[in-house]
Amino acid sequence: GAHVGARLVGYVEAVDPRFGAFVKFLDGLTGLVPKLKRGAELAPLSTVLVKVHALDLSVADRPKIVLYVDKGKGTETEAERKKKKKEEKKAASEAKVKEEKDGKEQRKKDKEEDKSKERKIRARATKKLTIMKPGDIVGDVEVVNVRADRVNVRLLRKDLECANARARIHCSAADPANITRLSPSTTAKTSKKSSADDEDAVVVAEGSPFRGWAVGDLIKDARVLSSVAQDGRAFVDLTNAPSKAPLPAVAASDLQKGDTVTAAVSAVGPRNSCLLVRVGPDVRGLVPWHELSACP
């Protein structure tokens, strides 16, 4: 039975903000948890463990029982539940922020690792390209730019395509026939590109090995003439001459008296006294006016 000091389990039948919480027990008795003892903070219909603090049996059929919440058993009030819920929500929010931050840092780390791998792969490809010797085959290349004296190309070989490189074919090293051209309509459209569309666009002269060449044309099995490394980049001169053909001149020492060469005019000398020409990628020459003949 109920006596002072007894611990009882009941449920909150009602909460009156003026007095506190009315707790009802299975035997039908009802007690009050006073407002001063945080009874008003209990949740209606919640189960609570209480301790009998005072008992008035002067009215036999309606005894007055004053109860305190038994804190020793960890019973939570409504305020405590709200506080706990708030703390849990805060903890969940902080955990989410931390997860997002960790995820962002991980993505950043993964991105940096990917960039590092790309740099290493690029560096290996560039090094492989710079140690190539004259005559080595770099595989297929694609024309990306046509100029009067050269075409710039893109390497297509898988182990070289990511190299940090600038590759070109000089007019003196070009074979006009050894190329897979685009369709005639595309080639014509590209070759007619005006300077209004491209400030560097040029008109390729008749007789130039690049006449009719266009962006996107493919060159099979291009060969190395020279490869130089500078500031982490490979500068490569190529030729599309057939594999059995001798390599074009790379240095002046490669030329002999009487050799027939193809040259691109770089400039006209003072008072038309001569033509300044480029015989190879890095070989320059001069043709005196008295050695010139009319163009055929």
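Side chains are part of it too, since the values below use all heavy atoms of this structure and drop only hydrogens, waters and symmetry mates.
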Check whether any side-chain heavy atom of V138 lies under 4.5 Å from a side-chain heavy atom of M132, and answer yes or no.
-> yes
Go through the structure and list residues passing salt bridge (charged side-chain N to carboxylate O under 4.0 Å, His left out) with K128, not counting sequence neighbours.
-> D159
If you measure from the Lys or Arg side-chain nitrogens to the Asp or Glu carboxylate oxygens, is any gap between E87 and K90 under 4.0 Å?
-> no
What are the two closest non-hydrogen atoms of P288 and C274, and how far apart are they?
-> CA-CB, 4.0 Å
Expected output: side-chain T126 to main-chain R122 donor-acceptor under 3.5 Å = yes
List in chain and number order the residues that pass side chain to side chain donor-acceptor pair (under 3.5 Å) with R150, two or more places apart in sequence or in another chain; answer none if no residue qualifies.
-> none
What's the verdict on side chain to side chain contact (heavy atoms under 4.5 Å, CB included) for L225 and L238, showing C-alpha distance, side-chain angles and the deciding distance?
-> CA-CA 5 Å; L225 283 181; L238 303 171; over 6 Å; no
Ignoring hydrogens and angles, state whether a donor on the side chain of D102 or Q106 is under 3.5 Å from an acceptor on the partner side chain.
-> no
Given the rule that I, L, V, M, F, W and Y join up when any side-chain heavy atoms are under 4.5 Å apart, are L29 and V50 in one cluster?
-> yes
Looking at N145, D149, N152, D237, which hits side chain to side chain donor-acceptor pair (under 3.5 Å) with R168?
-> D237
Joint hydrophobic cluster, F22 plus L67, side-chain heavy atoms closer than 4.5 Å = no
Could you list the donor-acceptor pairs under 3.5 angstrom formed by side chains in residues 228-236, with sequence neighbours left out?
{"residue": "R233", "atom": "NE", "partner": "N164", "partner atom": "OD1", "Å": "3.1"}

Short question: side chain of N178, backbone of D175 - any donor-acceptor pair under 3.5 Å?
-> no
Group every Ile, Leu, Val, Met, Phe, Trp and Tyr by side-chain heavy-atom contacts under 4.5 Å, then state whether Y11 and V52 land in the same group.
-> no
Sorted by chain and number, sequence neighbours left out, salt bridge (charged side-chain N to carboxylate O under 4.0 Å, His left out) with R18 holds for D16
Among residues two or more places apart or on two chains, list those pairs meeting salt bridge (charged side-chain N to carboxylate O under 4.0 Å, His left out) that have a residue in residues 133-145.
-> D140-K220, E142-R154
Working for side chain to side chain contact (heavy atoms under 4.5 Å, CB included), residues D217 and F210 = CA-CA 11 Å; D217 288 349; F210 302 137; over 6 Å; no
Evaluate whether atom CD of E100 has more than 12 neighbouring non-hydrogen atoms of other residues, nucleotides or ligands under 6.0 angstrom away.
-> yes
For K115 and E118, run salt bridge (Lys or Arg N to Asp or Glu O under 4.0 Å): C-alpha distance rounded to whole Å, both residues' side-chain angles, the deciding distance at 0.1 Å, then the answer.
-> CA-CA 5 Å; K115 286 183 177 180; E118 289 176 2; over 6 Å; no
Under a single-linkage rule joining Ile, Leu, Val, Met, Phe, Trp and Tyr whose side-chain heavy atoms are separated by less than 4.5 Å, which residues share a cluster with V66?
-> Y68
Could you tell me whether Q256 atom CD has more than 12 heavy atoms of other residues or ligands within 6.0 Å of it?
-> no
Please answer whether the main-chain N or O of A163 pairs with a side-chain N or O of R124 as donor and acceptor at a distance below 3.5 Å.
-> no
